[in-house]
**Q** 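Please see the structure below; I have some questions.
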Amino acid sequence: MNCRSEVLEVTVESRQVEEAMLALLHTILLHRSTGKFHYKKEGTYSIGTVGTLDFDCDYIDFTFARVSSEELDRVIRKAVSEFKDALSNSGSDGMGQISLEFYQKKKSRWPFSDECIPWEVWSIKVNVVNLANEQERQICREKVGEKLGEKVINVVEVINRHEYLPKMPTQSEVDNVFDTSLKDVQPYLYKITYQITDSLGTSVSTTMRRLIKDTLAL
Amino acid sequence: MAHFDTEYQRLEASYSDSPPGEANLLMHVPEGAKSQWHHIENLDLFFQRVYNLHQKNGFTCMLLGEFFELVQLLFVVGFTVFLANCVDYDILFANKFVNHTDSSKVTLPDAFLPVNVCSARIQDNNAFVIFVLIISGVFWLHRLVKFIYNVCCYWEIRSFYINALKMNMSELPYATWQEVQARIVEIQKEHQICIHKKELTELDIYHRILRFKNYMVAMVNKSLLPVRFRLPVFGDCVFYTRGLKYNFELIFFWGPGSLFENEWSLKPEYKRGGNRLELADRLASRILWIGIANLLLCPVILVWQILYAFFSYTEVIKREPGSLGARCWSLYGRCYLRHFNELDHELMSRLSKGYKAASKYMNCFLSPLLTVVAKNVAFFAGSLLAVLIALTIYDEDVLAVEHVLSSVTLLGVCITVCRSFIPDKHMVFCPEQLLRVILAHIHYMPDHWQGNAHRYETRDQFSQLFQYKAVFILEELLSPVVTPIILIFCLRRKSLEIIDFFRNFTVEVIGVGDTCSFAQMDIRQHGHPAWMSEGKTEASIYQQAEDGKTELSLMHFAITNPQWQPPQETTHFISQLKERVHREATGFPADAHQLSLSESEPRSLVANLLTGPSALASVHFGRDSYLANHAAAGVSDGASALRSLSPISSSLHLRGSLSVAHNKTSTMSKAMAGSGTDARTVSSGSSAWEGQLTSLILSEYASTEMSIHALYMHELHKQQSRGELSRHTWHRQESDESSDSLPEEVRSQPNPHSRNFPRSHTFPTTVASPSAIPTSASASRSKTIGQEGGSSHQRYSGPTTDSFGAGGKVVRSARVPMGGWAEDGQAASRHHDPVPEESSEDEMPPQIQKVT
């Protein structure tokens, strides 16, 4: 609970799904990434630079900036294409949701595994529409571009607010806050999950876990 | 490279091209994790644990307590099995001889069976013993796992207390929850436990700890839960046990497929009204399944309950056998009487304060028939016992005669039981006063109780809140059987209402999550016009909280948490109310403290008269006035008598030991007088004392203040609803002449026909016909309408009103706890806004009518 949640909603055509998702996820991650930390002996650190790159969409009239890290791009592309496949395979009304969750790890003692405590969740709800002819597609291309532009500004506004961010960690704790696996950029720890239509909320495992926890707390 | 002939030249001094990366890089210092308390994932659970640890007096106490419970459980099971299977009772009862060679004495070890025989007996024994053993084994294991889990969790909370809150475990038992809470609010600024806001408020913490309890309180308040039943033989009864409560919570809050997604948010589909029917169907089928599961598990639960009851109560019964006869606040009562946002310890202390008065009240109603029987049984049993004891004293060999000792014991028990049915000779029957004292602590009661305190029906209804402990245990034992029936047949039918309830009364609060909207204590949304929030509330009848719950809860919360900054309108309401109470307190400042002194029981008659048992006072005056036929003079005599009494009582109080509280109250009054309009200044005044006075005194004082406010609000509500009703009936009467007969009759000859008034029972001598007995709220309401029809007529008839003018004020002075009416006179004491067109008539005491 103790986390902010932001919801973005977009309506796109099926071939635009991938690019639209990439645009939004990359925009958020651009603002939630820092350069690599280089720790010095006295407990101080310096921050590397974050390179940016403009990316032009093929199916949308839109260009967005992303972190120029191929590794990060690959990870996100993989997640998005999985989402896209799942969406097209679902065959339902084409509703889906992809969420980008930033979390912190908290080390716990032996009997419990490390806790992942989210502090910000971005949920992007996608509504896929089918268009009849080329003219409508053209209009849609522009419309979606405009909409995405609005969303990006929206994202930046949210990120600009002075709200809770994990404190900058010391060297030993940097893994609890940042994803240090990439060599050129260091985003906050994140997790991308997706969900096709609103299925029945919580999964069985979480329910079971809660049941056990609650019986214990009796 | 640079061969251009321009003015531009490099400034050599200021620019040096050092290799990148080293000395000139901007260096940062990590803040690091100074504390691990930033950003806690599950704040609900966290605050609950913090609260629990505080309530259990620290880590060690909790640990030891739980550990010994485990040991006790093991011992009780083991011992019971041992007694049942491993003892040769024939030897103990000397039916069988032991072939000892050395002495004829039987020793205890002789009676024990050898181990192998013993285990064989357990195995051969019927399956029931094995079954019980298995269940208690599971029970024990469950407790053990829970214990270990708790130790891990609470260790973290312990370090939170020590490191973040800077409180030692040793000082924890002596710190109030308010102190702990203030520290939590303080450290939020530094650690940001909750990431949504910069600052936590007290209300946030309460909301999180009491999220589900608030829902339950609201559902009981709106009578949504099927806990009241009308049975053919028992009449109106309430059945609400822990098992039932557990099932309700399972269904609504945390069970598989419950309405809540997690601790803090309702599932989104339940927030939308669109598919409510479908959701209701789904809920109904879930309830059905859970009901069936309950039915199937019934034997297991039954055994579990019996074991549980056995383990928890045998020890108590052993220690004090009388405790079974003693009463306790029922589970339903706790739900009904609980304010929104009231923590367990606050509720418990409130109810405990009312306990004495409540049991006294219940003891007023001993059945005379039983008393006669009990007296005689006690006489015969007593004489037998006396003879036996006398014989024993003469020669103690009498004891060795078979069954003499046991009959002595039995007779003793019999006399003890009988004695409990014989009322104290010196006890005075004054239920109305007692009920009032009770009200000062429990803060809620149905409207129709007032003035009907002496009736058996009121007592029966009160006993639903305040039941015998034995009944409580019996209900608990019955619960496994009854619960599935209630779930399947009663709760299932309400599924649509439940869905609607959760949709309509859930609000999402930033930084808290989904909470019950009643718990916001917003007068505008949930106020009840009959409870002082007229004009301020926009609530429909469906949205209004019953019994003035919103208003009283608000007052309670504001008083217990003086630091809390309520929203603007709420502040206004609080300050207005406080001001009003204060204004009436200034007349006789001493009377305001009356309550604090006479709260536990009505000790002195003077105190009682002044604390305002309205019925008593009005009965006196009413009777006087009627018997003397509108003798206003007599009434004002009474008034002056009262007035002359009050200084005495106040001086008594001054001499009393409660001078600290007294000083404080007067300081409070002064602060109120000084600020007048703004409640915030009042509370800032109170926070200023905090430096000097411990917060414990403050909280003690707060409960007194709350009592005064509760009484005041009830009083005002009574007047207001009466005014309301009479106005309605006034209109109705004009159109409907059939109802004229009653008032007509009353007006012409009030005294002989006073019997016809349903409320005539304020005279103990005239017993109203059974039909006039209010059995439910609705019945009484309709009745009040009829009766108020009479009263309003009377009120509007010229000469009578005049003659009552003086008496009116007097009655008020007696009725309102702080007794300021008589002094303030007309200008100050009116309740201004709610019924403007009636204000002139309202000078007339409504009580007078009740008396007739």
Side-chain angles (χ1 to χ4, degrees), chain A residues 1-5 7 34-35 37-40 42-49 103-112 115-120 162-174 176-177 198 200-204 206-218, chain B residues 21-22 24-36 38-46 48-49 52 142-143 145-150 152-153 155-156 192-198 208 246 249-250 253-258 260-265 267-269 510-514:
Chain A
M1 154 63 195
N2 208 356
C3 84
R4 290 187 296 270
S5 70
V7 180
T34 62
F37 283 8
H38 301 283
Y39 282 93
K40 295 279 155 10
E42 311 87 62
T44 59
Y45 61 92
S46 62
I47 304 177
T49 50
Y103 64 93
Q104 255 177 306
K105 269 197 247 171
K106 199 178 232 174
K107 292 256 184 292
S108 343
R109 264 165 291 102
W110 160 70
F112 307 103
E115 282 179 282
C116 295
I117 307 173
W119 49 270
E120 191 173 64
H162 281 283
E163 281 186 295
Y164 176 84
L165 284 179
K167 298 228 168 88
M168 287 304 143
T170 52
Q171 188 162 13
S172 56
E173 287 163 342
V174 72
N176 293 346
V177 177
D198 24 27
L200 269 175
T202 47
S203 63
V204 181
T206 48
T207 316
M208 276 316 290
R209 214 170 52 210
R210 288 210 55 226
L211 201 64
I212 292 168
K213 263 194 176 176
D214 283 324
T215 11
L216 287 177
L218 268 183
Chain B
E22 288 311 312
N24 284 7
L25 276 185
L26 191 57
M27 299 306 287
H28 304 263
V29 181
E31 305 158 83
K34 263 181 290 183
S35 78
Q36 44 172 325
H38 62 96
H39 180 213
I40 287 152
E41 189 188 18
N42 192 340
L43 269 179
D44 279 45
L45 214 56
F46 184 75
Q48 271 165 27
R49 285 183 182 149
N52 278 344
H142 165 246
R143 295 284 288 262
V145 173
K146 191 177 132 187
F147 171 71
I148 293 168
Y149 179 76
N150 270 348
C152 296
C153 293
W155 184 259
E156 201 187 335
Q192 211 159 12
I193 315 176
C194 170
I195 64 164
H196 289 276
K197 321 168 137 188
K198 286 266 176 294
R208 282 181 182 275
Y246 182 84
E249 285 169 355
L250 182 88
F253 302 129
W254 55 266
S258 63
F260 273 75
E261 196 167 28
N262 39 36
E263 264 103 339
W264 49 81
S265 61
K267 282 183 188 157
E269 63 258 37
I510 295 171
V512 180
D514 289 336

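Letters A, B, ... mirror the listed sequences (proteins, then strands); counts begin at 1.
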**Q** Measure His162(A) against the heavy atoms of chain B and call it side chain, backbone, both or neither at under 4.5 Å.
**A** backbone
**Q** Please list, chain by chain and in numerical order, all residues satisfying salt bridge (charged side-chain N to carboxylate O under 4.0 Å, His left out) with Lys197(B), sequence neighbours excluded.
**A**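 Per chain and number, Lys197(B) pairs via salt bridge (charged side-chain N to carboxylate O under 4.0 Å, His left out) with Asp204(B).
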**Q** Answer with side chain, backbone, both or neither: which region of Ile148(B) has an atom nearer than 4.5 Å to a non-hydrogen atom of chain A?
**A**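 For Ile148(B), there is no contact with chain A at all, as no heavy atom is under 4.5 Å.
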**Q** Nearest 0.5 angstrom please: Lys198(B) NZ to Tyr164(A) OH, how far?
**A** 11.0 Å
**Q** Please check this pair: side chain of His196(B) against backbone of Cys3(A), looking for a donor-acceptor N/O pair closer than 3.5 Å.
**A** yes
**Q** Please give me the minimum heavy-atom distance between Ile195(B) and Arg4(A), naming the atom from each residue.
**A** CD1-N, 3.8 Å
**Q** Let me know if Gln104(A) has heavy atoms under 4.5 Å from chain B in its side chain, its backbone, both or neither.
**A** side chain
